[in-house]
Q: 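If you scroll down you'll find the structure; I have some questions about it.
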There are 4 protein chains.
Amino acid sequence: MIQIDPRSPTPIYEQIIQQFKELCFKGLLKEGDKLPSVRELSTMVIANPNTVSKAYKELERQGIIETLRGRGTFVSEKAKKTLDEGKMEMIKEQLKSLIIDAFYAGVDFQDVHHWIDEIEEEVGGEDGARSKKSDKDN
Amino acid sequence: MIQIDPRSPTPIYEQIIQQFKELCFKGLLKEGDKLPSVRELSTMVIANPNTVSKAYKELERQGIIETLRGRGTFVSEKAKKTLDEGKMEMIKEQLKSLIIDAFYAGVDFQDVHHWIDEIEEEVGGEDGARSKKSDKDN
Amino acid sequence: MIQIDPRSPTPIYEQIIQQFKELCFKGLLKEGDKLPSVRELSTMVIANPNTVSKAYKELERQGIIETLRGRGTFVSEKAKKTLDEGKMEMIKEQLKSLIIDAFYAGVDFQDVHHWIDEIEEEVGGEDGARSKKSDKDN
Amino acid sequence: MIQIDPRSPTPIYEQIIQQFKELCFKGLLKEGDKLPSVRELSTMVIANPNTVSKAYKELERQGIIETLRGRGTFVSEKAKKTLDEGKMEMIKEQLKSLIIDAFYAGVDFQDVHHWIDEIEEEVGGEDGARSKKSDKDN
DNA sequence: GTGGTCTAGACCACG
DNA sequence: GTGGTCTAGACCACC
């Protein structure tokens, strides 16, 4: 379910966050689904409970999951899609940097568009979080 | 020319790298142009010379610039665009994460495409590095 | 009567305590009134009986309610108002923290005074526990 | 400067947060002032660096302080006083609970008003963060 | 059983 | 020197 690369430069807790976000986004984890407990996951990925806990806390802070005390951690009912202008600006900046880096790796704007289409296909087939945007498409 | 935000979470040396890359990409810095010396830039942006040096070293490693001993640092003649498969995969992964984050900020795939077009206009109007790719577009 | 939010960061047993205190304070629960049994309340609010029991025990310890074995749990005859210096100091400390937090949320002392007046109106209209203090006001 | 009670039920990191907030609020720590380093403070209060770090992170998240990487931690230039409606509601709820608790400790609304005045005198003498509200008073 | 807090101490990135 | 990350393992509150 979750695959961690301990040798990766990106922190383990970041990897956990990212992968859960992706699972939710793809719809493989649906609203209300229970996540593995901190201890379970920490043994599964051979990480420290603290590290897992940190990831869960951040996911909760972002509104992706919520914890019901004594019962466990669950995918949040309302994956809040707050229109966050500040965050959007940040993401745009990151996107620009990414594209420039991509260019120096031999990729141009067309390729990036294609990549995004690929990601959309890979990810958007399920009726996950993505389905919410279908209103917009109609 | 270079604007540093000491409060930003991205390291200062990364900011320098990024901004020089952007300048080259936009064509505001052309092949053979001289960069400020480490000492000059470090006083200009109020940073530690070590920090600037680190940025220059990384830019040189990436083939964006080259240092001619005793003469200074210059934008590299041929911005080597090694088709680096590994790097492309990495960038693709980053792009996926970015898109997922964007989604949770209330943005969909269509919007991302538009953003990229915006970036292309902002950046691609000049006959900078990008122009080299135009062969591919045709 | 009692509303529990399982998502709230404040423990469920605390929420129960708080809400019963508020009901008594407002006079909606009067001296001698019978409280729901632990089992009743636990099914009503979908909580573990242990949790409800814990709340009742604490309320009893504070002298707000008393249990008559075999008969049930009742609002205590004399809501003992022990002048507890230690507790008062604690509350004062909490109040200070609260005000500082309020400030950073854009609220000043005057506003806090107004809030208290609002709470007084909301809560003090009934002839509940508060009425006992009216001697002091005169 | 900072006094920690390891026996207190409130977590050490909370105590640190609270005390720094109070210092800033009183104006004993002014904008731009340097806070002790994580290591310094952790030895000063006989706590683990992690615990101190956690406190600093939270203070930063709240916009009270900011860290300049490699240089240290400083009182934020702009103690952001975002009018946060949600937070204000939360604080109001806490205030209500506090007042009810206070009542059962033998305190009435008048007393609470007096307490607040006391806190205002204790805290508002300096030209600290509080001074910003003086515009409102005029 | 769950997550939350804390300690002790290691290693790394940044400036 | 600074803070950021992680491990190992303890204790507690809550359900």
Side-chain angles (χ1 to χ4, degrees), chain A residues 4 6 8-16 34-43 45-60 65-74, chain B residues 4 6 8-16 42 45-55, chain C residues 4 6 8-16 42 45-55 58, chain D residues 4 6 8-16 34-43 45-58 60 65-74:
Chain A
I4 296 301
S8 162
T10 67
I12 293 177
Y13 84 99
E14 282 277 11
Q15 295 184 45
I16 296 173
K34 192 179 183 307
L35 276 66
S37 83
V38 171
R39 285 166 180 75
E40 274 173 24
L41 188 55
S42 73
T43 59
V45 303
I46 316 180
N48 188 289
N50 278 333
T51 307
V52 177
S53 180
K54 185 171 184 181
Y56 277 22
K57 284 234 197 74
E58 176 59 17
L59 281 168
E60 183 165 19
I65 66 178
E66 46 190 359
T67 85
L68 272 50
R69 285 200 322 296
R71 297 220 268 128
T73 312
F74 302 84
Chain B
I4 296 301
S8 162
T10 66
I12 292 175
Y13 85 99
E14 280 275 14
Q15 294 184 47
I16 296 173
S42 72
V45 302
I46 315 178
N48 192 306
N50 284 331
T51 308
V52 177
S53 177
K54 185 171 184 179
Chain C
I4 296 301
S8 162
T10 66
I12 293 177
Y13 85 98
E14 280 273 16
Q15 294 185 47
I16 295 173
S42 72
V45 301
I46 314 177
N48 192 305
N50 284 332
T51 307
V52 177
S53 178
K54 184 171 183 178
E58 175 60 16
Chain D
I4 296 301
S8 162
T10 67
I12 292 177
Y13 83 98
E14 282 276 11
Q15 295 183 44
I16 296 173
K34 192 177 185 306
L35 275 65
S37 84
V38 171
R39 285 166 179 76
E40 274 173 22
L41 188 55
S42 73
T43 58
V45 302
I46 315 179
N48 188 289
N50 278 333
T51 307
V52 176
S53 179
K54 185 171 185 180
Y56 277 22
K57 283 235 198 71
E58 175 60 17
E60 183 165 19
I65 67 178
E66 48 190 358
T67 86
L68 272 49
R69 285 198 325 296
R71 298 220 269 128
T73 313
F74 303 84

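This one's a predicted model, so the numbers in the text were calculated from it and none came from an experiment. First the proteins, then the strands, lettered A, B, ... as listed; each starts at 1.
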Q: Between Arg39(D) and Glu14(A), name the one whose nearest nucleotide on DNA chain F is closer to the 5' end.
A: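 With Arg39(D) and Glu14(A) compared, the 5'-side residue is Arg39(D).
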Q: Would you tell me if any nitrogen or oxygen in the side chain of Arg69(A) comes within less than 4.0 Å of OP1 or OP2 on dC15(F)?
A: yes
Q: Atom CZ of Phe74(A) and atom C1' of dC15(F): how far apart are they, to the nearest Å?
A: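 Whole-Å distance recorded here is 12 Å.
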Q: Nucleotide range of DNA chain E contacted by chain B, 5' to 3', under 4.0 Å to a heavy atom?
A: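 On DNA chain E, the outermost contacted nucleotides are dC14(E) to dG15(E).
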Q: Relative to the 5' end of DNA chain E, which residue comes earlier, Ala47(B) or Asn50(D), by the nucleotide with the nearest heavy atom?
A: Asn50(D)
Q: Between Thr67(D) and Tyr56(D), is a side-chain contact (heavy atoms from CB on, under 4.5 Å) present by the stated rule, with each step listed?
A: CA-CA 9 Å; Thr67(D) 86; Tyr56(D) 277 22; 5.9 Å; no
Q: Counting any heavy atom closer than 4.0 Å, what does Leu68(D) reach on the DNA or RNA strands: base, sugar-phosphate only, or nothing?
A: nothing
Q: Decide side-chain contact (heavy atoms from CB on, under 4.5 Å) for Ile46(C) and Ile4(C); before the verdict, give the C-alpha distance in whole Å, the side-chain angles of both, and the deciding distance to 0.1 Å.
A: CA-CA 9 Å; Ile46(C) 314 177; Ile4(C) 296 301; over 6 Å; no
Q: Take Thr73(A) and Leu59(A) through the side-chain contact (heavy atoms from CB on, under 4.5 Å) test and state the conclusion after the steps.
A: CA-CA 10 Å; Thr73(A) 312; Leu59(A) 281 168; over 6 Å; no
Q: Write down the distance between CG (Asn48(C)) and P (dA13(F)), rounded to a whole number of angstrom.
A: 17 Å
Q: Wobble G-U and Watson-Crick pairs count when both distances are under 3.5 Å; given that, what is the 5' to 3' dot-bracket string of DNA chain E, with | for pairing to other strands?
A: ||||||||||||||.
Q: Before you tell me yes or no, could you show the steps for Ile12(C) and Arg69(A) under side-chain contact (heavy atoms from CB on, under 4.5 Å), namely the whole-Å CA-CA distance, both residues' side-chain angles and the distance that decides it to 0.1 Å?
A: CA-CA 9 Å; Ile12(C) 293 177; Arg69(A) 285 200 322 296; 4.3 Å; yes
